[in-house]
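All remarks here apply to the structure that follows.
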There are 2 protein chains.
Amino acid sequence: MHRKPNLKDVAELAGVSAITVSRVLTHPDKVAAKSRLKVEQAIAELGYIRNHAASALASSRSGVLAVIIPSLSNIVFNDVLQGIYSAVKPYQLQVILGDCHYSPLEEEKLIATLLSQAPEGLILTGTDQTDYARKLLQNAGIPVVQLMELTDQPIDMNIGFSHFDAGKAMTDHLLARGYRRIGFLGARMDPRTQQRLAGFNQAVAVWNEQQPQPASCQPYVVTTGQSSSIKLGGQLLQAVMAESQGQCDAVFCCNDDLALGALFAARKMNLRVPADLAIAGFNDLEASALVDPGITSVASPRFAMGQQAVELLLQKARGERCDFAPVDVGFSIMARGST
Amino acid sequence: MHRKPNLKDVAELAGVSAITVSRVLTHPDKVAAKSRLKVEQAIAELGYIRNHAASALASSRSGVLAVIIPSLSNIVFNDVLQGIYSAVKPYQLQVILGDCHYSPLEEEKLIATLLSQAPEGLILTGTDQTDYARKLLQNAGIPVVQLMELTDQPIDMNIGFSHFDAGKAMTDHLLARGYRRIGFLGARMDPRTQQRLAGFNQAVAVWNEQQPQPASCQPYVVTTGQSSSIKLGGQLLQAVMAESQGQCDAVFCCNDDLALGALFAARKMNLRVPADLAIAGFNDLEASALVDPGITSVASPRFAMGQQAVELLLQKARGERCDFAPVDVGFSIMARGST
DNA sequence: AGTAAAAATGTTAGCGCAACCATTTTGCTA
DNA sequence: TAGCAAAATGGTTGCGCTAACATTTTTACT
């Protein structure tokens with residue numbers, strides 16, 4: 001036999017009907033142990049592998065979960081992905097992953113492509129999808145989770161935390177520690193980074209409103225559209241130092257890559273951390289806790305977010321629940337030596 | 001209309017036959033501009049999205065590329081993935097990604113699952129697949145690339161470099177710099193790590209054979225099955241220092257995570273790098289170049305490997321070539337301050 | 001043993017699309 | 001304008017599987 005064996009071949013060899021073979025594969029408990037054994041032997045003998053396309057077509061269940069992240073290179077989404085994969089494991093689900101490179105338009109195209117797989121659900125990052133993308137998803141009628149940040153108008157389900165609040169909290173932390181000339185170092189400037197910056201600005205504004213003149217805070221904001229990296233952190237530190245004429249006494253980096261870069265660069269500039277310069281980051285990467293001094297950062301349960309996204313998706317797909325309020329997973333300030 | 005629109009619905013609205021609509025989607029150049037326009041309008045109006053399962057079943061082309069990596073958390077495979085995604089982009093191909101957690105058995109199961117998607121090709125990491133997995137792949141008759149390391153008996157195609165040679169070269173580098181009490185810090189101990197260790201042992205053996213007694217090299221090997229992390233690097237450094245009673249003057253870490261951890265720990269132990277202790281790593285992560293001192297490491301073209309894997313796969317799938325000798329992409333020693 | 005219920009198995013039909021081959025239309029040359 | 005090749009389009013069929021219903025066999029209990 002040259003062509004690949006199909007259900008019928010297995011059925012003939014096992015001496016049962018095709019549907020019985022099908023059942024062995026999908027509802028093994030609905031088949032008598034005796035037949036099941038015969039079928040399993042036949043499958044093994046022929047090296048039969050089910051044709052997923054045919055199965056999906058006949059059952060109109062694809063067994064596919066679509067995931068779109070903004071970047072493969074940002075480790076942050078790696079953690080989320082791991083959560084997703086770990087949650088998916090017990091189920092017969094394949095993950096199809098797309099990278100939209102932080103572009104809503106690319107994301108829109110990806111959504112259109114991925115929808116052709118008729119996925120059981122879709123996990124998106126962030127909340128700034130295009131109108132057309134939202135329409136596509138509405139029509140598709142599949143459960144959707146928007147992950148990482150919170151929104152008032154979710155497409156469907158929503159799990160995340162407030163990057164605005166986190167940015168504000170970190171800035172308050174710096175203010176509370178006595179820093180008054182605080183730089184904000186931002187790269188990429190995707191929506192979540194912008195929210196962190198907004199939180200920073202808000203915290204500074206509130207502070208300056210409440211404090212008498214001599215204690216007021218001078219912010220220095222340096223941002224770039226470049227994607228963030230450790231190296232860039234050093235460059236941005238130099239930039240903010242230039243802009244503040246060396247007055248800057250703390251920097252709030254929009255993520256830990258920049259913060260690490262700033263820390264390494266500070267050393268080379270002979271700035272003592274935190275005596276001359278405090279450094280705060282975001283995302284709480286492993287390295288941040290282990291460098292000396294440790295970098296103060298914002299931690300969030302990324303792995304758990306990924307897991308929970310899958311759980312909610314499947315609950316909704318199974319029709320177990322349908323009232324899903326946005327889930328705020330919160331964040332925490334990991335205060336360390338750098339501030 | 002409640003159900004999702006299908007080809008026929010589009011065809012009726014556009015006033016053409018179903019097959020013409022199909023052609024607009026797959027061979028747009030085979031359709032007159034006039035019909036194409038009508039069809040495109042109808043598609044937009046109905047929000048039609050092609051059913052991938054039906055398409056795959058009818059055409060027996062899945063448009064899927066399967067990829068199995070040993071770990072999502074290891075950034076190294078991230079780079080490879082990025083290469084794969086970048087190479088896949090111009091084609092109508094979806095990537096289905098599996099994580100086998102460094103387990104050949106899990107990999108075997110994953111292969112069986114992924115084969116049911118009838119992928120156009122499969123990219124595997126490493127070369128230690130189970131016999132049954134190899135048989136499955138032989139039967140499947142799809143192009144396969146084994147990535148990252150080289151082997152004499154590839155399943156099909158093979159792209160990578162010699163981790164043995166790289167381990168040996170790095171050890172030679174340390175010996176040439178005058179270090180004689182060299183520790184090898186290994187975590188996870190997957191096949192590639194073992195090859196690096198074998199290269200290390202070989203280099204030491206060769207050295208000791210050629211050198212007179214007083215110049216001979218004393219190796220200290222400390223390994224663990226735990227998965228590697230920055231933190232673990234520090235712990236392993238302490239372990240090797242204990243084992244060598246503080247005599248160790250250089251450590252070759254099986255990857256840069258460990259090396260960074262070793263560097264951070266060395267600082268806390270008041271060891272000057274490289275005066276008291278040299279540190280070498282593997283993989284050349286971004287941070288390794290930017291810490292102070294920079295960590296000497298082994299660089300390899302991971303992104304390019306991913307890209308090339310896709311290219312070869314597609315060439316073979318299109319039948320353009322079939323004689324694929326293993327591709328050695330090589331490596332290079334990035335000598336930095338740490339050694 | 002007899003009966004009803006439950007479990008196991010089979011039959012039929014169709015999921016949505018594209019390959020194949022047949023037919024119609026178009027564009028071009030003499 | 002006829003005639004022909006090439007381009008465009010359509011009809012039929014089947015890809016491999018499973019849902020829904022139909023039938024048979026087994027089980028449990030009187």
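For clarity, every value in this text was computed on a predicted model and none was experimentally measured. A, B, ... follow the sequence lines: proteins, then strands. Residue 1 opens every chain.
- Atom CG of A/L7 and atom C1' of C/dT11 are 15 Å apart (whole Å).
- Regarding A/I49, its CD1 atom lies at a distance of 11 Å from the P atom of D/dC17, rounded to whole Å.
- With sequence neighbours excluded, no residue satisfies side-chain hydrogen bond (donor to acceptor under 3.5 Å, both in side chains) with A/R50.
- Looking only at distances, no side-chain donor or acceptor of B/D79 sits under 3.5 Å from a matching main-chain atom of B/Q82.
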Which atom pairs link the protein and nucleotides 5-9 of chain D when you take only N or O atoms and keep those under 3.5 Å?
{"residue": "D/dT9", "atom": "OP1", "partner": "B/S35", "partner atom": "OG", "Å": "2.1"}
{"residue": "D/dT9", "atom": "OP2", "partner": "B/A32", "partner atom": "N", "Å": "2.8"}
{"residue": "D/dT9", "atom": "OP2", "partner": "B/S35", "partner atom": "OG", "Å": "3.3"}

Can you list, pair by pair, the side-chain donor-acceptor contacts under 3.5 Å of residues 114-128 of chain A, counting residues two or more places apart and other chains?
{"residue": "A/S116", "atom": "OG", "partner": "A/T113", "partner atom": "O", "Å": "2.7"}
{"residue": "A/Q117", "atom": "OE1", "partner": "B/H52", "partner atom": "ND1", "Å": "3.3"}
{"residue": "A/E120", "atom": "OE2", "partner": "A/S62", "partner atom": "N", "Å": "2.9"}
{"residue": "A/E120", "atom": "OE2", "partner": "A/G63", "partner atom": "N", "Å": "2.7"}
{"residue": "A/T125", "atom": "OG1", "partner": "A/I68", "partner atom": "O", "Å": "2.9"}
{"residue": "A/T127", "atom": "OG1", "partner": "A/E149", "partner atom": "OE1", "Å": "3.3"}

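- Phosphate contact (OP1/OP2 of D/dT18, side-chain N/O of A/R50, threshold under 4.0 Å): present.
- The NZ-C1' distance, from B/K8 to D/dG10, rounds to 14 Å in whole Å.
- One interatomic measurement links the two molecules: CG of B/N51 to C1' of D/dC15, which rounds to 13 Å at whole-angstrom precision.
- Between B/S22 and the phosphate of C/dC17, there is no side-chain N or O to OP1/OP2 separation shorter than 4.0 Å.
- Rounded to whole Å, the distance from CG on B/L25 to P on C/dG16 is 15 Å.
- Atom CG of B/L46 is separated from atom P of C/dG16 by 14 Å (rounded to the nearest Å).
- Under 4.0 Å is where a charged nitrogen must lie from a carboxylate oxygen, and between B/D9 and B/K4 no such pair does.
- Salt bridge annotation for B/R188-B/D190: absent, with no cationic side-chain nitrogen under 4.0 angstrom from a carboxylate oxygen.
- Atom-to-atom, NE2 of B/H27 to P of C/dC17 comes out at 15 Å; the value is rounded to the nearest Å.
- What separates CD of B/E12 from C1' of D/dG10 is a distance of 14 Å, to the nearest Å.
- A donor-acceptor contact closer than 3.5 angstrom links the side chains of B/N74 and B/Y102.
- Nucleic acid contact for A/S60: none, since no nucleic acid atom lies under 4.0 Å from a heavy atom of the residue.
- A donor-acceptor contact closer than 3.5 angstrom is absent between the side chains of A/Q129 and A/E108.
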